[in-house]
Amino acid sequence: KQEVTQIPAALSVPEGENLVLNCSFTDSAIYNLQWFRQDPGKGLTSLLLIQSSQREQTSGRLNASLDKSSGRSTLYIAASQPGDSATYLCAVSGNTPLVFGKGTRLSVIA
Amino acid sequence: EAEVAQSPRYKITEKSQAVAFWCDPISGHATLYWYRQILGQGPELLVQFQDESVVDDSQLPKDRFSAERLKGVDSTLKIQPAELGDSAMYLCASSFDQAEETQYFGPGTRLLVL
């Protein structure tokens, strides 16, 4: 059974810092990996999707990498802003429907 | 920009009562998903529809939960009777088809069972 773990569970950083969120999964037979953002009490917004054949994807200040063989992904956020404060969830798609991690709750302090 | 619509946004009910949630996916999206998200956890899939057919309902507690998508467009998720442990956020998502990886999520319905 696929399991997804996200570390750390919570992170607080001052504005302007670069930061890395980590995601690991137990079954490397995945189709793709996605990173989502969730604001408190709201739905999920897809940030980046990496196909299993890809190594990384970039969107603005966000960069996600994937190492399928080791079962790891990182989400890099450059020059963090208070508006980046949210919970970031990683999810993998494979032979089973999307399996989500518990998320990392990020607070960017002005 | 097209969005997934859900209603109600919030629902408070007493245990043993029946509750229903509604979802209207993005127009043209054939695949619809219902997820349950307990506070502090990631979403877990309850049921997946392809048009009006159920593709996966293996995690749906069928003794009390039911879901339908009669015309292959909007969908209803029902709980009867509600239990205290059902308190959670219920999220609906849609995608163009099963092969389309990107799922678009609605704002969710937050359920509190007293």
Side-chain angles (χ1 to χ4, degrees), chain A residues 1-11 21-26 30-54 57 59 64 66 68 73 75 86-106, chain B residues 1-11 21 23-26 29 31-50 54-60 87-112:
Chain A
K1 179 184 175 185
Q2 179 72 271
E3 294 183 2
V4 179
T5 303
Q6 292 188 244
I7 296 173
L11 181 63
L21 307 180
N22 297 291
C23 171
S24 61
F25 46 96
T26 54
I30 64 170
Y31 297 149
N32 59 62
L33 182 144
Q34 298 182 64
W35 283 93
F36 292 87
R37 169 184 172 140
Q38 186 174 32
D39 292 290
K42 302 290 179 63
L44 279 67
T45 301
S46 180
L47 297 173
L48 291 165
L49 182 151
I50 310 176
Q51 300 288 357
S52 62
S53 59
Q54 297 176 321
Q57 281 287 334
S59 176
L66 173 64
K68 199 173 76 162
S73 176
L75 178 66
T87 296
Y88 291 81
L89 294 142
C90 134
V92 295
S93 171
N95 291 326
T96 57
L98 269 183
V99 178
F100 285 83
K102 294 183 179 180
T104 293
R105 189 171 66 254
L106 173 65
Chain B
E1 182 176 314
E3 296 180 340
V4 176
Q6 289 188 248
S7 68
R9 293 292 311 277
Y10 305 94
K11 179 69 177 179
F21 313 132
C23 172
D24 191 11
I26 292 173
H29 280 193
T31 310
L32 185 147
Y33 312 80
W34 283 102
Y35 290 88
R36 177 171 61 186
Q37 185 178 25
I38 296 170
L39 192 64
Q41 306 288 318
E44 293 183 327
L45 181 71
L46 291 175
V47 61
Q48 176 183 342
F49 289 93
Q50 180 67 22
V54 173
V55 173
D56 185 343
D57 64 356
S58 57
Q59 299 302 310
L60 188 71
S87 296
M89 174 79 89
Y90 290 83
L91 295 162
C92 178
S94 69
S95 62
F96 184 70
D97 58 31
Q98 292 187 80
E100 169 64 45
E101 297 96 347
T102 301
Q103 296 182 23
Y104 298 86
F105 282 78
T109 296
R110 182 167 294 281
L111 173 67
L112 178 61

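Residue numbers begin at 1 in each chain, while the letters A, B, ... track the order of the sequences.
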Side chain, backbone, both or neither: which part of A/Tyr31 has a non-hydrogen atom closer than 4.5 Å to chain B?
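Neither the backbone nor the side chain of A/Tyr31 comes within 4.5 Å of chain B.
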So which residue, [options], ends up with the most heavy-atom pairs under 4.5 Å with chain B?
| options | result |
| --- | --- |
| A/Val4, A/Thr45, A/Asp39, A/Leu98 | A/Leu98 |
| A/Ala9, A/Gly41, A/Ser46 | A/Gly41 |
| A/Thr87, A/Val99, A/Leu49 | A/Leu49 |

Counting only pairs under 3.5 Å, give me each side-chain donor-acceptor contact of residues 37-47 of chain B, with atom names and distances, residues two or more places apart or in other chains.
from	atom 1	to	atom 2	distance (Å)
B/Gln37	OE1	A/Gln38	NE2	2.8
B/Gln37	NE2	A/Gln38	OE1	3.0
B/Gln37	NE2	B/Gln41	O	3.0

Atom pair CZ (A/Phe36) and CZ (B/Phe105), whose distance is rounded to the nearest 0.5 Å
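If we round to the nearest 0.5 Å, A/Phe36:CZ and B/Phe105:CZ are 5.0 Å apart.
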Can you name the side-chain hydrogen bond (donor to acceptor under 3.5 Å, both in side chains) partners of B/Tyr90, sequence neighbours left out?
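Expected list: none.
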Taking all non-hydrogen atoms of both residues into account, name the closest pair between B/Leu91 and A/Gly43 and its distance.
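So the two residues come closest at CD2-CA, 3.9 Å.
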